[in-house]
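One structure is given below, encoded as structure tokens.
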Amino acid sequence: MLAQARSRLRRLTPTQAHEALAAGALLVDIRPGWQRTEEGEVPGALVVERNHLEWRLDPECDARLPQATDYDVQVIVLCSEGYTSSLAAASLQDLGLHNATDVIGGFRAWVAQGLPGRPCT
């Protein structure tokens, strides 16, 4: 299932994701609260835990977030190690968010590459 999901994603390295975030992409952190508290967070990331992801990012859903403006939004999903995020990004593509992808190696790779992170507040 993971390999199938990843076969249709153009996955991003942490550096590529950081550059895309700076250019206006939406970085979505799907880790549960306990994990963000333990590991930290990315400044500028939108936190939407995994079990809320599809209905909060679907532009046609009444409960969507303001950032879910249309199906062309570049959504980059971030989890702890880059497994759950691949499945989540594929699910967003199934909704029609064709620019959805994820970060290779997740938050741990992000921090290992020296990209901005901070303790969860």
Is the shortest side-chain N to carboxylate O distance from E49 to R31 below 4.0 Å? no

Shortest non-hydrogen separation from G44 to L21 and the atoms involved: O-CD1, 4.1 Å

Spell out, as yes or no, whether a donor-acceptor pair under 3.5 Å connects the side chain of Q16 to the backbone of T13. yes

Is the shortest distance from a Lys or Arg side-chain nitrogen in D102 or R11 to a carboxylate oxygen in the other one below 4.0 Å? yes

For A68 against L57, the heavy-atom pair lying closest together: CB-O, 3.4 Å

Just by distance, do the side chain of T37 and the backbone of G33 share a donor-acceptor pair under 3.5 Å? yes

Determine whether more than 12 heavy atoms belonging to other residues, nucleotides or ligands lie under 6.0 Å from atom CZ of R8. yes

Taking C-beta and beyond as the side chain, do R6 and Y83 meet within less than 4.5 Å on heavy atoms? yes

For the residue pair R118 and P43, what are the closest heavy atoms and their distance? NH1-CB, 3.6 Å

Which atom of R36 lies closest to which atom of C120, heavy atoms considered: O-CB, 3.3 Å

Q113 side chain reached by T15 side chain, heavy atoms, under 4.5 Å: yes

Do Q93 and L9 come close enough that some side-chain heavy atom pair is under 4.5 Å? yes

Between W55 and C61, what is the shortest heavy-atom contact and its length? O-SG, 3.3 Å

Taking only Lys NZ, Arg NE, NH1 and NH2, and the carboxylate oxygens of Asp or Glu, determine whether R108 and E81 approach each other closer than 4.0 Å. yes

